[in-house]
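My questions all concern the structure below.
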Amino acid sequence: MSNILDEFKENHDKAAIDTSKKLKVGIIGTGWIAAAHIEEYLKMPDVEVVACADLIEGKAEAFCEKYDLKDARCYRSHTEMLAKEKLDAVSVCTYNSTHAECTIDSMKAGVNVLLEKPMCVTLEEAIEIRKVEKETGKILSIGFQPRFDPNMQMVKKIVQSGVLGKIYYIQTGGGRRRGIPTPYGTTFIEKDKGAIGALGDIGCYSLDMVLNAMNYPKPLAVSGYTSDFFGKSKEYWKGVNKPENYSEIFAVDDFAAAFVRLEGGVILDFRISWAMHLDTSGDTLIYGTEGALRIPSTECWNGSIGGPLKLYQTIAGEEVCTEFDMKKPTDEGNFYFKIRSFLDAIKNGGEAPVPSSEIIYNQAILDGINKSHKLGKEIELEIPEI
């Protein structure tokens, strides 16, 4: 009998890039995440970044100067850029609170969109985005680069192989002992900009890891809880610039937990944290009737895997554990493939690599956690077919 690991071997061939037609790309929002986008776009021989927009005066210009975009035009609003430029695609890298607006406006202008995570803030926004996407026929891909990590892809391959049997319970999440993201300012922690905290920043990654592995079962109900004990604490901010201001500005969640009921009788036990006294909130565990999978956590979780995957089974009456060697990251990196797969979909008329039809379920859970917490009870999730 062949070794069980042989069943999961993969072949990775890099496709050639057609440079006969260059795509004209614009950047909406030139903050720190936009830097990751532009650095990858500049590696693409079939891309011209022709325009950037940012509502803060001089910010787009400074961004273009930093990345030597000599011919790129700069705008103070995304609507002006969309009206004046003939673009094939945009990266939406704005505040969470403006994801929906910028994405909808772009698709209505006939432009394909790579939207940074989280998809948006509320389920209602996600529904509107989906409707406009369907109406315009534009490609919309959501920015979940962990999907392109070879170890993350192995998680899905194991689950889809059927070796776990019927999955009935999942424990997942991620945590940081001290990791509220403010090195680039306060946009993550302000209500009118970030709108949701750890939930939207890293919680969406944790959910995507397990939901994607299961081909995104529909969430049916959620009982959620959120807190902000660390972000509101002046003690936490000691040693950080203006700690008294940060604790007063902080207006999002720094911890969230939920009990989610999924289609097919699956229970999802979820927790996520920007700050806590522990170094980890625990490994991700997927329980099945024929086996179980352990996905090790990391100390500063950001959508990655902390060690070899472990598959637990009973074979011929013996309790066995199969450990999967950690796969080396590709030379290009996950972010490269996030960008590249989006561009290839545009050029080849393909499907969005990370489709909104899946991520709307992710967004429904995030929003449901907040709504459930405010109501103090479990709520049913109503997600229309679009």
Closest non-hydrogen atom pair, Gly303 against Met152: O-CE, 3.4 Å
Thr226 and Asp253: side chain donor to acceptor below 3.5 Å: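 No pair is found: no donor N or O on one side chain lies under 3.5 Å from an acceptor on the other.
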Euclidean distance, Asp105 CG relative to Ser77 OG, rounded to 0.5 Å: 9.5 Å
Crowding at NZ, Lys166 (>12 non-hydrogen neighbours, <6.0 Å):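 Enclosed: over 12 neighbouring heavy atoms sit under 6.0 Å from NZ of Lys166.
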Under the ring pair (Phe, Tyr, Trp, His ring centres under 6.0 Å) test, residues paired with Phe335 that sit two or more places apart: His37
Qualifying ring pair (Phe, Tyr, Trp, His ring centres under 6.0 Å) pairs with a residue from residues 128-162, counting only residues at least two apart or across chains: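 Residue pairs with at least one partner in residues 128-162: Phe144-Tyr205.
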Closest heavy-atom pair and its distance - Val210, Leu268: CG2-CD1, 4.1 Å
Min side-chain heavy-atom separation Thr298-Thr280 under 4.5 Å: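 The answer is no; the side chains never approach within 4.5 Å.
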Worked check of side-chain contact (heavy atoms from CB on, under 4.5 Å) between Phe342 and Asn112: CA-CA 9 Å; Phe342 168 64; Asn112 301 293; 4.1 Å; yes
Phe250 and Trp237 aromatic ring geometry - parallel, tilted or perpendicular at 30°/60° bounds: tilted
Linked, directly or transitively: Leu211 and Leu220 (ILVMFWY side chains, under 4.5 Å): no
Residues forming a side-chain contact (heavy atoms from CB on, under 4.5 Å) with Glu235, sequence neighbours excluded: Ser233, Lys238
Minimum side-chain heavy-atom gap Val113-Lys138 below 4.5 Å: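 No - every pair of side-chain heavy atoms lies 4.5 Å or more apart.
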Salt-bridge present (Glu378, Arg261; N to O < 4.0 Å):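 Salt bridge present between Glu378 and Arg261.
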Step-by-step side-chain contact (heavy atoms from CB on, under 4.5 Å) determination, Phe270 to Ile365: CA-CA 10 Å; Phe270 166 78; Ile365 293 173; 5.6 Å; no
Validation row: Cys74, Cys64 side chains within 4.5 angstrom (heavy atoms):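 Heavy-atom side-chain distance check passes, below 4.5 Å.
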Nearest-0.5 Å distance that lies between atom CG in Leu343 and atom CD1 in Ile17: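 Between Leu343 CG and Ile17 CD1, I get 8.5 Å after rounding to 0.5 Å.
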Side-chain touch Leu123/Ile360, heavy atoms, less than 4.5 angstrom: yes
Lys218 atom NZ: more than 12 heavy-atom contacts under 6.0 Å: yes
Steps toward side-chain contact (heavy atoms from CB on, under 4.5 Å) verdict (Met81, Val90): CA-CA 10 Å; Met81 182 182 79; Val90 292; 4.1 Å; yes
Within 6.0 angstrom of Lys134 NZ, more than 12 heavy atoms from elsewhere: no
Atom NZ of Lys108: over 12 foreign heavy atoms under 6.0 Å: no
Under 3.5 Å, side-chain donor or acceptor atoms of residues 347-355 against the rest of the protein: list the pairs with distances, not counting sequence neighbours.
residue: Lys347; atom: NZ; partner: Asp18; partner atom: O; Å: 2.3
residue: Lys347; atom: NZ; partner: Lys21; partner atom: O; Å: 3.2
residue: Lys347; atom: NZ; partner: Asp46; partner atom: OD2; Å: 2.9
residue: Asn348; atom: ND2; partner: Asp344; partner atom: O; Å: 3.1

Pairwise distance CD1(Ile28) to OG1(Thr94) - rounded to 0.5 angstrom: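 Those atoms lie 7.5 Å apart.
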Pairing of Glu80 and Lys84 as salt bridge, 4.0 angstrom limit: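 A salt bridge is present here (some side-chain N lies under 4.0 Å from a carboxylate O).
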Point-to-point distance, once rounded to the nearest 0.5 Å, from CD1 of Ile142 to CD of Glu358: 10.5 Å
Cluster check Phe259, Leu375: I/L/V/M/F/W/Y, side chain < 4.5 angstrom: no
Same cluster (ILVMFWY, side-chain, under 4.5 Å), Val260 and Tyr225: yes
Flag side-chain contact, heavy atom, 4.5 Å: Leu69 against Leu42: yes
Lys117/Asp201 ion pair, N-O < 4.0 Å: yes
Exercise: identify the closest heavy-atom pair between Gly173 and Thr284: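 Of all heavy-atom pairs spanning Gly173 and Thr284, the closest is N-OG1, 4.0 Å.
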Asn215 side chain reached by Lys156 side chain, heavy atoms, under 4.5 Å: yes
NZ/NE/NH1/NH2 to OD/OE distance under 4.0 Å, Glu85 and Lys24: no
Residues forming a ring pair (Phe, Tyr, Trp, His ring centres under 6.0 Å) with Tyr169, sequence neighbours excluded: Tyr287
Same cluster (ILVMFWY, side-chain, under 4.5 Å), Ile170 and Leu285: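 Ile170 and Leu285: separate clusters.
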Residues that Phe229 engages under ring pair (Phe, Tyr, Trp, His ring centres under 6.0 Å), provided they are two or more places apart: none
Check: Pro217 and Val266 side chains under 4.5 Å, non-hydrogen atoms: no
In one Ile/Leu/Val/Met/Phe/Trp/Tyr side-chain cluster, 4.5 Å: Tyr168, Tyr312: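 Each belongs to a different hydrophobic cluster.
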Pro118 versus Leu366, closest heavy-atom pair with distance: CB-CD1, 4.5 Å
Side-chain H-bond candidate by donor/acceptor type, Ser281 with Ser273, under 3.5 Å: no
Parallel, tilted or perpendicular: ring planes of Tyr216 versus Tyr361, cut at 30 and 60 degrees: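 Ring orientation, 0 to 90° scale: tilted.
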Partners meeting salt bridge (Lys or Arg N to Asp or Glu O under 4.0 Å) with Asp71 (sequence neighbours left out):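 Salt bridge (Lys or Arg N to Asp or Glu O under 4.0 Å) check on Asp71 returns nothing, list empty.
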Approximate separation, where rounding is to 0.5 Å, of Ser356 OG and Leu140 CG: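 It is 5.0 Å, given to the nearest 0.5 Å.
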Ala213 to Val155 - nearest heavy-atom pair and separation: CB-CG1, 4.1 Å
Partners passing salt bridge (Lys or Arg N to Asp or Glu O under 4.0 Å) against Asp367 (at least two apart in sequence or in another chain): Lys371
Pair Thr314-Glu319, side-chain contact (heavy atoms from CB on, under 4.5 Å): steps then yes or no: CA-CA 4 Å; Thr314 300; Glu319 294 181 349; 4.1 Å; yes
Apart from Tyr95 itself, residues in the same hydrophobic cluster as defined by side-chain heavy atoms under 4.5 Å: Leu55, Ile56
Set of residues satisfying ring pair (Phe, Tyr, Trp, His ring centres under 6.0 Å) with respect to Phe63, sequence neighbours excluded: Tyr67
Crowding at CD, Gln160 (>12 non-hydrogen neighbours, <6.0 Å):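 Yes.
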For Arg178, all residues meeting salt bridge (Lys or Arg N to Asp or Glu O under 4.0 Å), sequence neighbours excluded: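 Salt bridge (Lys or Arg N to Asp or Glu O under 4.0 Å) check on Arg178 returns nothing, list empty.
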Sub-4.5 Å side-chain heavy-atom contact between Leu23 and Tyr41: no
From CD1 (Ile295) to OG (Ser304), nearest 0.5 Å: 12.0 Å
Set of salt bridge (Lys or Arg N to Asp or Glu O under 4.0 Å) partners for Lys374, sequence neighbours left out: none
Taking every non-hydrogen atom, the tightest pair across Glu116 and His99: O-CE1, 3.1 Å
